[in-house]
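The next block holds one structure in the form of structure tokens; read it before the comments.
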Amino acid sequence: MKRLSIPIILLFFFWNSVNGQPMNSQLSHKVDSVLQTMSLTDKVGEMTQLTIDMLIEDIQEEPHQLDPDKLREVLVEYRVGSILNVSGHAYPLEQWHHIIRQIQEVATSEKPTGIPVLYGIDTIHGANYTMNSTLFPQQIGLAATFNRELVREGARIAAYETRASWIPWTFSPVLGIGRDPRWPRFWETFGEDVLLASELGVAMVEGFQGEDPANAYRVAASAKHYLGYSLPASGHDRTVAWIPEIRLREYVLPSFKAAIDAGALTVMINSGEINGVPVHASRKLLTDLLRDELGFRGLAVSDWQDIHYLYTRHKVAKDYKEAIKMAVNAGVDMSMVPLDLDFPRLLKELVEEGEVPMERIDESVRRILRVKFLLGLFDKPYHPDTDYSEFGSDEFISAAYQSAAESITLLKNENDILPLSKNSNILVTGPTANSIIHLNGGWSRTWQGDDPQYNTPGKQTILEAIRANAGNGKVTYAEGTGINEDINIDAAVSAASAADVAVICIGEAPYTETPGDIGSLALPEPQRRLVREISATGTPVVLVLVEGRPRVINDIEPVADGILMAYLPAEEGGRATADILFGDVNPSGNLPFTYPRYVNDLVPYDHNYTDEVGPLGFNPQWPFGHGLSYTTFAYRNLTVSNSTFGPGEQLTISVEVTNIGRRSGKEIVQLYVSDHVASVTPPVKRLRGFDKISLEPGQQKTVSFTISAKDLAFVGRDLKKVTEPGDFRIQISDLEQTVTYRE
């Protein structure tokens with residue numbers, strides 16, 4: 001077959017000057033021009049995604065080198081359209097350049113179609129699979145900032161450093177709603193609230209893609225994992241979720257809809273099941289809902305080996321070939337195979353046998369080609385002449401530090417134990433005190449993030465940052481415990497007796513996905529014993545929680561004078577934590593989830609009134625949106641523009657916020673709405689607006705929100721959004737007003 005001439009194809013490609021996206025008719029013409037030249041072998045190859053392990057000469061030999069024969073087998077013989085990820089650990093920029101250049105040169109010069117490869121990578125919290133890139137807090141920490149601009153800027157920097165690696169596609173953001181902290185990927189979410197997850201998800205998509213994803217500093221986003229992955233009934237990774245459709249539409253779908261409306265170019269599919277049906281085999285979810293209802297036009301890629309799992313794990317297919325038929329006919333466009341070449345061979349057989357229509361194949365290939373064109377890959381598969389000198393720059397590091405500083409949440413501050421005096425004698429102890437990998441969490445240089453040899457040099461642990469910040473005081477360190485074992489609690493207790501304050505850093509080891517499954521949310525007993533025994537000395541205790549999900553600490557919370565929630569703040573988290581402990585930074589994070597008091601009491605803030613029935617009621621350790629400051633903010637004069645409003649009208653809600661303390665600080669103003677009566681039992685309240693403001697001592701600002709009928713809507717019994725007439729409570733802080741919606 002004659003190789004397609006890419007320059008001729010590009011003559012058809014014109015850009016819309018308004019938004020940087022190709023006009024639909026022109027792009028469609030471009031895609032069809034390529035599609036018409038492709039054989040069935042070309043097409044099923046484009047629908048195949050393999051891991052880079054399939055191309056490496058010898059995985060045991062460092063640095064990894066591509067095997068030319070394997071490369072040509074994959075690209076020239078099988079015409080594979082996409083490669084993903086890294087083999088084992090992060091690579092330096094120069095190695096990425098060598099790898100991507102080899103792949104794209106073979107794809108564009110030897111592959112019969114000349115179609116470039118779409119390379120994808122897990123840029124989860126920065127370009128974490130490129131050495132010395134800038135790592136940002138994990139998503140749950142970003143959610144705690146309640147700061148759209150910080151999230152957007154962090155994604156822009158991550159896109160820059162990913163494209164600097166010559167990679168154009170990231171598998172991010174995670175848009176599953178974080179309402180079950182047992183789930184081991186909880187920290188990859190934006191928390192439990194629908195509005196917060198939706199708005200920060202949009203900010204991340206915008207930061208990744210910009211106005212023109214073909215830009216040499218932007219990448220394609222992937223909204224994942226569509227749909228319902230984050231709510232497994234068991235709390236274990238990749239297991240079945242039971243989600244009534246009314247709940248699916250109210251809590252699970254909106255963040256994905258928002259990202260799709262914002263232009264997300266790809267989605268990744270949920271590895272698990274909903275109501276007994278694997279999502280990879282659900283035409284209802286992948287075609288009827290995703291395509292026909294939500295209008296998604298982009299590329300839907302499977303997760304790791306998930307089509308294969310339809311017959312080995314889910315048991316809905318008799319063999320791999322039937323699994324492929326199910327998934328492709330349901331709506332999967334690209335299979336993350338990722339370790340064999342059976343997929344394209346079997347898919348070709350299915351088409352030739354009439355089991356998968358050619359129209360369905362063409363539909364997927366069009367979507368794949370569209371994304372490749374939108375990323376500019378036909379013009380430049382990589383950007384060797386582009387200036388990426390800002391990679392790892394001080395500006396980028398400063399942005400990561402700012403995100404960490406604004407995420408850290410002050411949960412408790414009895415008797416103003418914080419901020420600490422720099423003249424204090426401080427004991428630092430606990431398993432997360434002197435470790436960068438614990439600050440980073442999973443997806444950090446390696447899959448599990450647990451190998452310190454790949455840490456960026458020069459980054460400070462919490463202990464190191466405290467020592468660097470301390471003035472004339474003395475800082476003593478005693479490890480005390482590991483995550484699950486007593487190392488030398490007695491030594492830590494002895495050191496505490498001579499200290500003015502004990503900073504105890506507790507939490508979790510790095511993990512993600514199935515290795516992070518746990519049997520209990522309770523913090524491991526050795527860590528809790530460390531806290532109890534140090535407290536028994538009479539030395540004041542400050543806890544720093546370095547954890548990706550809320551670990552239950554109801555037995556040690558009462559003995560702690562101060563508690564900071566650090567989440568997984570990444571490489572700048574040590575500095576940010578120390579700066580907050582000593583008061584150089586005023587904490588401004590708020591909890592993006594409800595922190596449970598008991599392991600079996602996992603009730604979100606927007607629960608129904610019936611969830612409060614019984615002796616326990618609703619009694620979390622800390623509520624959603626909680627976060628203290630070193631200053632005090634006063635709320636006054638809540639006003640609503642009208643006491644009644646109807647369809648097509650808007651309400652403006654305003655409140656005055658004043659910093660009545662002695663320090664400058666940032667405050668997250670949260671607007672909640674409660675429906676008094678509804679045909680479907682209403683939640684006690686729902687977040688309907690938020691804004692983060694900065695105030696100097698004595699300064700006052702008026703914060704305003706605008707809402708309309710759609711902001712009061714809920715999914716009704718007919719599974720459609722409805723706003724019913726009646727009274728609604730408007731609440732900001734401890735101020736309330738009632739408004740009436742009329743038809």
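Residue indices begin at 1 and follow the sequence shown. Source: prediction; values computed, not measured.
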> Once the angle between the rings of His89 and Tyr454 is folded into 0 to 90°, is it parallel (under 30°), tilted (30 to 60°) or perpendicular (over 60°)?
Replying inline: parallel

>> Can a donor-acceptor pair be found, under 3.5 Å and without considering hydrogens, that links the side chain of Arg345 to the backbone of Asp342?
In response: no

> So how far is it from Leu84 CG to Ile167 CD1, rounded to the nearest 0.5 Å?
Replying inline: 10.0 Å

> Is it true that a side-chain atom of Ser444 and a backbone atom of Gly442 form a donor plus acceptor pair closer than 3.5 Å?
Replying inline: yes

> Can you find a pair of side-chain heavy atoms, one from Glu513 and one from Pro515, that are under 4.5 Å apart?
Replying inline: yes

>> Main chain of Phe136, side chain of His125: is a donor-acceptor contact present, judged purely on distance under 3.5 Å?
In response: yes

>> Donor-acceptor check, side chain of Asn128 to backbone of Trp443, threshold 3.5 angstrom: yes or no?
In response: yes

>> As a test of understanding, state which of Glu46, Glu105, Glu77 forms a salt bridge (charged side-chain N to carboxylate O under 4.0 Å, His left out) with Lys111.
In response: Glu46

> If we ignore angles and hydrogens, is there a donor and acceptor under 3.5 Å between the side chains of Thr41 and Lys348?
Replying inline: yes

> Taking the six-membered ring for Trp, are the ring centroids of His308 and Tyr311 within less than 6.0 Å of each other?
Replying inline: yes

>> Between Ser165 and Thr130, is there a side-chain donor-acceptor contact under 3.5 Å, judged purely by atom types and distance?
In response: yes

>> Between Glu293 and Arg249, does any NZ, NE, NH1 or NH2 come within less than 4.0 Å of an OD or OE carboxylate oxygen?
In response: yes

>> Check this for me, if you would: do Arg182 and Asp180 make a salt bridge, where the nitrogen-to-carboxylate-oxygen distance has to be below 4.0 angstrom?
In response: yes

> Judged by atom type as modelled, is there a donor-acceptor pair below 3.5 Å linking the side chain of Glu273 to the main-chain atoms of Ala241?
Replying inline: no

> Centroid-to-centroid, Tyr226 to Phe296, below 6.0 Å?
Replying inline: no

> Got a donor-acceptor contact below 3.5 angstrom from the Ser302 side chain to the Met336 backbone?
Replying inline: yes

> Under a 4.0 Å N-O cut-off, is there an ion pair linking Glu250 with Arg247?
Replying inline: no

> Under a 4.0 Å N-O cut-off, is there an ion pair linking Arg445 with Asp450?
Replying inline: no

>> Quick one: does any side-chain atom of Lys224 pair with a main-chain N or O of Phe171 as donor and acceptor, under 3.5 Å?
In response: yes

> Does the Gln138 side chain pair with the main chain of Asn440, one donor and one acceptor, at a distance under 3.5 Å?
Replying inline: yes

> Can a cation-pi geometry be assigned to Arg549 and Tyr511, taking NZ or CZ under 6.0 Å from the six-membered ring centre and within 45° of the ring axis?
Replying inline: yes

>> Can you see whether Gln104 engages Trp166 through a side-chain donor-acceptor pair at a distance of less than 3.5 angstrom?
In response: no

> Which salt bridge (charged side-chain N to carboxylate O under 4.0 Å, His left out) pairs, counting each pair once, include a residue from residues 274-284, with sequence neighbours left out?
Replying inline: Glu245-Lys284

> Ser230 and Thr189: side-chain donor and acceptor closer than 3.5 Å?
Replying inline: no

> Thinking salt bridges, do Asp517 and Arg185 make one under a 4.0 Å N-O criterion?
Replying inline: no

> Judged by atom type as modelled, is there a donor-acceptor pair below 3.5 Å linking the side chain of Thr239 to the main-chain atoms of Gly235?
Replying inline: no

> Between the side chains of Tyr91 and His64, does any donor sit under 3.5 Å from an acceptor?
Replying inline: yes

>> By the ring pair (Phe, Tyr, Trp, His ring centres under 6.0 Å) test, which pairs, at least two apart or in different chains, include something from residues 231-255?
In response: none

> So, Asn608 side chain and Asp611 main chain: donor-acceptor pair closer than 3.5 Å or not?
Replying inline: no

> Do you know the tightest heavy-atom contact between Gly331 and Ala300?
Replying inline: O-CB, 4.2 Å

> Is Glu355 salt-bridged to Lys321, cutoff N-O under 4.0 Å?
Replying inline: no

>> Applying the side chain to side chain contact (heavy atoms under 4.5 Å, CB included) criterion to Val332, which one of Val301, Ile307, Asp306 satisfies it?
In response: Ile307

>> If we count only N and O atoms by modelled type, under 3.5 Å, do the side chains of Asp42 and Ser39 hold a donor and an acceptor together?
In response: yes

>> Angle between ring planes, Phe378 versus Phe373, binned at 30° and 60°: parallel, tilted or perpendicular?
In response: parallel

> How would you list, by chain and number, every residue that makes a ring pair (Phe, Tyr, Trp, His ring centres under 6.0 Å) with Tyr129, sequence neighbours excluded?
Replying inline: none

> Side chains of Ser255 and Ser198: do they bring a donor and an acceptor to under 3.5 Å?
Replying inline: no

> Do Thr51 and Asn85 meet the criterion of a side-chain donor-acceptor pair at a distance under 3.5 Å?
Replying inline: no

> Does the side chain of Ser271 come under 3.5 Å of the side chain of Trp304 through a donor N or O and an acceptor N or O?
Replying inline: no

>> Strictly below 4.0 Å, N to O, side chains only: are Arg238 and Asp303 in salt-bridge contact?
In response: yes

> Looking just at side-chain N and O atoms, do Gln448 and Thr512 make a donor-acceptor pair shorter than 3.5 Å?
Replying inline: no

> Can we say Arg291 and Asp333 salt-bridge, meaning some charged N sits less than 4.0 Å from an Asp/Glu carboxylate O?
Replying inline: yes

